[in-house]
Amino acid sequence: MAFEPVIGLEVHAQLKTKTKIFCSCSTQFGKSPNANTCPVCAGMPGVLPVLNSQAVTFAIKAGLATDCAIARESRFDRKNYFYPDLPKGYQITQYAAPIAEHGHLDIDTEENGQKTIGITRIHMEEDAGKLIHDPVRAKSMVDLNRTGVPLIEIVSEPDIRTAKEAGAYLRKLHTILKYIDVCDGNMEEGSFRCDANISLRPVGQEEFGTRAELKNLNSFKNVEKAINYEIQRQTYVLEEGKKVIQETRLWDPNKNKTASMRGKEEAHDYRYFPDPDLVPLIVDEQWIQSVTKEMPELPDQKQARFIEQFKLSSYDAKVLTTSIDLADYFEKTIENLSDIKQAANWTMTTLLGMLNTKGLNITQSPVTAAAFSTLLQLLEKGSINANAAKTVFEEMAASGKEPGVIVKEMGLEQVSDQSELEEIVTGIINDNPDEAAAYRDGKTKLFSFFMGQVMKKTRGKADPKIVTPLIKSKLA
Ligand code: ADP
Ligand code: MG
Ligand code: ZN
């Protein structure tokens with residue numbers, strides 16, 4: 001029997017506020033353990049939470065960016081459970097009445113083109129702390145710096161069917177959150193974390209099968225690998241005539257497999273109830289309007305504009321808008337250029353290739369947009385040819401020197417002098433009479449032989465735009 005995977009994702013994104021969601025402690029990552037704590041986030045008795053309005057603004061922004069309806073009234077609930085990193089014994093979260101609902105996000109799939117993935121809800125909640133296990137001293141310690149850091153949880157509809165679609169959805173969501181600048185998206189620091197729910201059903205069956213929830217997926221690659229593993233595992237279980245158990249499973253990136261962590265808890269296990277310390281959150285029209293006004297151009301809009309304004313292919317426009325930093329870099333680069341297509345190619349192959357090799361992101365590029373632009377201007381003006389430009393670029397990436405300086409130091413100025421090149425071409429034709437005769441006889445493939453000779457003579461610096469017609473006319 002053939003089975004169809006059904007996948008729904010829950011993403012926890014840390015909001016980029018300066019302070020925590022219910023107290024004024026700093027959210028800064030990497031501080032010494034428990035430096036960022038106060039009686040509120042340490043869960044002392046008698047303290048009162050005060051909602052951070054910046055967190056609400058960010059949550060509204062995320063809701064608007066994913067076409068959600070923003071709730072004019074939402075509420076905070078207590079989700080009760082005991083864990084040493086949760087000093088209050090409950091997590092404040094929005095359960096019954098989230099800030100945003102009924103959104104969607106469009107992804108590109110290899111198999112089926114564009115596909116819309118529903119977003120069930122976005123709610124705000126506080127993060128828990130961290131346990132640090134010290135195997136040497138056989139001790140566990142708790143760091144409460146992260147307790148009370150604001151999160152949004154973005155819950156998708158079970159609309160995803162493959163690991164690749166899940167990856168595309170997550171990358172798109174990640175891109176959007178970075179565009180609207182509400183989350184730094186740092187997956188290693190846990191600012192963007194994903195749980196994946198997966199079930200299988202016989203092809204053609206409407207009803208969903210029993211799902212497993214995968215945790216500990218800390219990179220896009222791991223999400224895809226874990227989902228594929230889980231699809232395989234559940235397929236074996238069902239093919240053997242057994243039942244998939246509803247449970248939480250942990251992905252082990254070293255063993256490349258998932259293992260059972262615990263049975264799945266149900267909502268009633270948490271005994272949710274409205275937090276009596278927090279009044280309902282009312283968001284008025286004015287608040288929504290002011291956030292709407294702050295909304296930047298979103299990835300899909302930017303891609304459409306790049307196609308329209310710069311006449312780029314949809315593929316190029318997509319690559320160049322995958323991150324807002326790359327898109328900004330590209331727009332700065334082309335400010336004073338006329339050959340946009342050439343700049344796009346250089347950005348996507350040479351620049352991104354260099355960054356990839358060095359393991360850097362665009363904001364860490366040793367070649368600034370201004371310097372990159374200067375290099376491409378030299379290429380456009382014909383001061384250097386494409387080969388020389390590649391050499392200059394490599395040197396820029398290595399030394400950070402200005403392109404003009406490198407061109408002078410390495411003597412890479414293109415030879416564009418008509419009479420100088422004419423002399424060289426004539427000389428080469430005279431030195432190679434057999435090839436010249438053969439060319440004139442119709443062996444026009446020998447053109448590249450003559451071009452090669454010219455380049456050899458000029459150490460690669462001849463301007464091909466001038467040399468090409470010269471060779472052709474002299475051999476006509
Ligand atoms: P919980 O919070 O207990 O994990 P939710 O009902 O909020 O449960 O669902 C969480 C996620 O699981 C959602 O993304 C949803 O789309 C997905 N989901 C629900 N049922 C299934 C299923 N049978 N198979 C796959 N995913 C599912
Ligand atoms: Mg869940
Ligand atoms: Zn605090």
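Just so you know, ligand 1 is whichever comes first in the structure, and atom 1 is the first atom listed for that ligand.
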Proximal atoms of ligand 1 relative to [X] (non-hydrogen, under 4.0 Å):
X      : value
Gly209 : 23 (N)
Glu157 : 16 (O)
Val6   : 24 (N), 25 (C)
Pro158 : 16 (O)

Say whether [X] and [Y], considering side chains only, have a donor N or O and an acceptor N or O under 3.5 Å apart.
X      : Y      : value
Glu125 : His12  : yes
Gln377 : Ser373 : yes
Arg305 : Gln309 : yes
Thr116 : His104 : no

Any idea which of Arg211, Gln246, Glu213 brings a heavy atom closest to atom 21 (C) of ligand 1? Arg211

Among Ile119, Ile154, Asn197, which one has a heavy atom closest to atom 26 (N) of ligand 1? Asn197

Under a 4.0 Å N-O cut-off, is there an ion pair linking Lys16 with Asp184? no

Does the cation-pi check pass for Lys390 over Trp346, that is, NZ or CZ under 6.0 Å from the six-membered ring centre and within 45° of its axis? yes

Checking the N or O distance criterion of under 3.5 Å, is ligand 1 in contact with Val155? no

Counting only nitrogen or oxygen atoms and a 3.5 angstrom limit, does Ile198 reach ligand 1? no

Would Phe76 and Phe22 count as a close aromatic pair, with their ring centres under 6.0 Å? yes

Measure Thr210 to ligand 1 on non-hydrogen atoms and call it side chain, backbone, both or neither using the 4.0 Å cut-off. neither

Calculate the angle formed at the Zn ion (ligand 3) by SG in Cys23 and SG in Cys41; 10° precision is enough. 110°

